[in-house]
**Q** 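First the structure, which I've put down as structure tokens, then a few questions once you've had a look.
Values below: all heavy atoms of this structure, side chains included; hydrogens, waters and symmetry mates excluded. Numbered from 1 within each chain, the chains take letters A, B, ... in sequence-line order. Please read these numbers as outputs of a predicted model, since none were measured by experiment.
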Protein chains: 2
Amino acid sequence: MSTPTEEPAWKQRAVERSTQAAKRRAEQRVERFLDAAQAIMAEKGTTDFTVQEVVDRSKQSLRSFYQHFDGKHELLLALFEDAMSKSAEQLRVLATEQSDPLDRLRVVVQELFESSRPDPATQQQPLFTDFALRLLMSHPAEMRVANAPLLALFTQLIQDLEDANLLRPGFKAKRVAALTMQTVMFNAQSSGQDAAHPLTAEEIWDYCAHGITGND
Amino acid sequence: MSTPTEEPAWKQRAVERSTQAAKRRAEQRVERFLDAAQAIMAEKGTTDFTVQEVVDRSKQSLRSFYQHFDGKHELLLALFEDAMSKSAEQLRVLATEQSDPLDRLRVVVQELFESSRPDPATQQQPLFTDFALRLLMSHPAEMRVANAPLLALFTQLIQDLEDANLLRPGFKAKRVAALTMQTVMFNAQSSGQDAAHPLTAEEIWDYCAHGITGND
DNA sequence: CGAATCAGAGAATGACATTCTCACCAAGGA
DNA sequence: TCCTTGGTGAGAATGTCATTCTCTGATTCG
């Protein structure tokens, strides 16, 4: 049972070094798959690429792909988490430019709405839409993880509102945050698909902020 | 070019009769496919059945399936439209039981929320969730058609609100209707998937009715 | 009866994801 | 230097579906 406690330090370091080298190599390969996938999505505008396409594009092999990813799903998830996290970052920055707590939330809601609607201009939109919905149904837990950064931002912004006594009495910041985030993203999605009801960012903000009746 | 204008009436009737008979038969077959699919979904709780399963269950043939449906997609769509339409009916009935316009909307919102969340008890829930999202992405036009009955109900209810001066000034009933419907259904979906934030029907109603701030 | 249409059985096809086989090669240890 | 080993490339094999195709028997109608 007793493990050899006399592992020479140099050996440990050597193992460590080669382990780190291997890790670095692996990360590079993963990166190449990720980049290839992103490029393909940008070109085709959907998440409907084949694993083979990614493999070819990245000039690696199927063998290697499945060595690094559990499957196509993992690849999508990685890209999605990344995109969500980056998006949360951007929005957070945007928020800091506003001093009024209500304005902070407003700009974030409106910008999230704009960036969540399908737009042929920007690249990585499909992730925010196409894949997000599939993920919601198939892997809610992973969806929660991917949403976490954005949810944290919303929670904080609404907490600020609460501190400023601007949150409707009886509401819990965290729950309103989740509700608002989902509402904005989903409605951006479904309205964007539809040329007839192109909701505006202002409309959705008015709705979220004041509700249907606009009073108690 | 001149078609025989002297088609004997009896012949026309005969053709008509056989056409109608054929139509009746076709409808029966379609029904059997539909029923089989519904039964399978109820059993398995998802829309992830194979066409083969439906065919076997309905004791018909693949040949026949593709004769009557353009593909699996058409089958799903048929079931979805049907479910949405039935649901809109039920909700409409529920609404008539309330005399106050705001209560009418409230009960509809709350019931739609409850019936849209994934619940192992009732049968045809998966359609309201699983498939709806796929449809939204892949065939927005058909989605719009399927949503029409429910949207009409919401529009009417909110129009009533407007007439009673209970709609926030500046809001258009039709747009608020779409926004509210989607918000309720989507949030039911995403909250239901998540054991941690089980939103309540009351919460979502408060949110939709009064918004985040609850005032102007 | 004979031609046309319908429907069942199930094989064939085509797209994919995923797995498996084989051959190579580079780095580390003996 | 030789051997072992882990990671790779190439690409064939498998498995699951949807969708199409072929063959064949039945039903209908003149």
Side-chain angles (χ1 to χ4, degrees), chain A residues 7-8 10-33 36-37 40-41 44 46-79 131 134 138-139, chain B residues 4 7-8 10-33 36-37 40-41 44 46-79 130-131 134 138-139:
Chain A
E7 282 290 350
W10 66 264
K11 191 162 188 176
Q12 287 185 25
R13 280 198 305 275
V15 169
E16 172 96 346
R17 209 178 322 124
S18 78
T19 295
Q20 288 188 341
K23 192 175 291 180
R24 203 163 24 249
R25 249 174 299 137
E27 275 168 13
Q28 280 205 330
R29 288 181 174 278
V30 166
E31 266 310 310
R32 282 165 63 193
F33 284 125
I40 293 171
M41 280 195 298
K44 309 214 308 183
T46 79
T47 56
D48 282 343
F49 54 81
T50 71
V51 172
Q52 190 64 58
E53 283 177 299
V54 174
V55 165
D56 292 346
R57 179 79 161 237
S58 72
K59 297 198 182 305
Q60 296 178 93
S61 66
L62 267 180
R63 179 80 176 64
S64 207
F65 179 87
Y66 284 101
Q67 178 116 33
H68 297 293
F69 292 93
D70 228 354
K72 185 181 182 179
H73 178 260
E74 294 292 327
L75 172 66
L76 265 332
L77 187 59
L79 291 169
F131 180 58
R134 290 192 239 165
S138 60
H139 304 266
Chain B
E7 283 289 352
W10 66 264
K11 193 162 186 175
Q12 287 185 26
R13 280 200 305 276
V15 168
E16 172 95 348
R17 208 179 324 122
S18 78
T19 295
Q20 287 188 342
K23 193 175 293 182
R24 207 165 19 253
R25 248 174 301 139
E27 275 169 12
Q28 281 202 331
R29 288 178 175 280
V30 166
E31 267 309 311
R32 282 165 62 193
F33 284 125
I40 292 172
M41 280 194 298
K44 309 214 308 182
T46 79
T47 56
D48 282 343
F49 54 81
T50 71
V51 172
Q52 191 63 58
E53 283 177 300
V54 175
V55 166
D56 291 347
R57 179 79 162 238
S58 72
K59 297 200 182 307
Q60 295 179 93
S61 66
L62 267 179
R63 178 80 173 61
S64 209
F65 179 86
Y66 284 100
Q67 179 119 29
H68 297 292
F69 293 93
D70 226 356
K72 184 182 182 178
H73 178 260
E74 293 293 326
L75 172 66
L76 266 330
L77 188 60
L79 291 169
D130 186 359
F131 180 59
R134 289 192 239 166
S138 59
H139 304 266

**Q** Nearest whole angstrom, please: distance from the P of C/dA17 to the CD of A/Q52.
**A**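 Whole-Å distance recorded here is 9 Å.
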**Q** For B/S64, give me all partners under side chain to side chain donor-acceptor pair (under 3.5 Å), at least two apart in sequence or on another chain.
**A**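 Checked B/S64 against side chain to side chain donor-acceptor pair (under 3.5 Å); zero matches.
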**Q** Write down the distance between CZ (A/F65) and P (D/dT8), rounded to a whole number of angstrom.
**A** 14 Å
**Q** Check nucleotides 11-17 of chain D against the protein and report each pair of N or O atoms closer than 3.5 Å, with its distance, or say if there are none.
**A**
none

**Q** Holding to side chain to side chain donor-acceptor pair (under 3.5 Å), I want the full list of residues that pass it with B/H73, two or more places apart in sequence or in another chain.
**A** B/H139
**Q** Return the set of residues passing side chain to side chain donor-acceptor pair (under 3.5 Å) with A/R134 (not counting sequence neighbours), or none when no residue passes.
**A** A/T47, A/D48, A/D130
**Q** If you compare every side-chain N and O of A/R32 against the phosphate oxygens of D/dT8 (OP1, OP2), does one of them come in below 4.0 Å?
**A**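 For D/dT8, neither OP1 nor OP2 has a side-chain N or O of A/R32 closer than 4.0 Å.
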**Q** Could I get the full list of side-chain contact (heavy atoms from CB on, under 4.5 Å) partners for B/A37, not counting sequence neighbours?
**A** B/F49, B/V54, B/L75, B/L79
**Q** Nearest whole angstrom, please: distance from the C1' of C/dG10 to the CG of B/D56.
**A**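 That distance rounds to 11 Å.
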**Q** What's the CZ-C1' distance between A/F33 and D/dG9, to the nearest Å?
**A**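 Taking CZ of A/F33 and C1' of D/dG9, I get 11 Å after rounding.
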**Q** Working to the nearest 0.5 Å, report the span between CD of A/E31 and OG of A/S58.
**A**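 Those atoms lie 11.5 Å apart.
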**Q** Rounded to the nearest angstrom, tell me the gap between atom NZ in A/K59 and atom P in D/dG9.
**A**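 Result: 12 Å.
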**Q** With sequence neighbours excluded, what pairs up with A/Q52 under the side chain to side chain donor-acceptor pair (under 3.5 Å) test?
**A**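 Expected list: A/D56.
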**Q** Rounded to the nearest Å, what distance is computed from the OH atom of residue A/Y66 to the P atom of nucleotide C/dC20?
**A**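 Computing the A/Y66:OH to C/dC20:P distance gives 12 Å.
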**Q** Between B/F33 and B/H68, how do the two ring planes meet: parallel, tilted or perpendicular, split at 30° and 60°?
**A**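 Geometry flag for B/H68 against B/F33: tilted rings.
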**Q** Given atom CD1 of A/I40 and atom P of C/dC16, what is their separation to the nearest angstrom?
**A** 12 Å
**Q** Does OP1 or OP2 of C/dA9 have a side-chain N or O of B/S61 closer than 4.0 Å?
**A**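 Answer is no, no contact under 4.0 Å.
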**Q** Looking only at side-chain N and O atoms, does B/R29 come under 4.0 Å of OP1 or OP2 in C/dA7?
**A**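 Yes, because at least one side-chain N or O of B/R29 sits under 4.0 Å from OP1 or OP2 of C/dA7.
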**Q** Distance check needed: C/dA15 P versus A/E53 CD, whole Å only.
**A**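 Those two atoms, CD and P, are 13 Å apart.
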**Q** Base, sugar-phosphate alone, or nothing: which one does A/H73 contact when heavy atoms must sit under 4.0 Å apart?
**A**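 Here A/H73 touches no strand at all.
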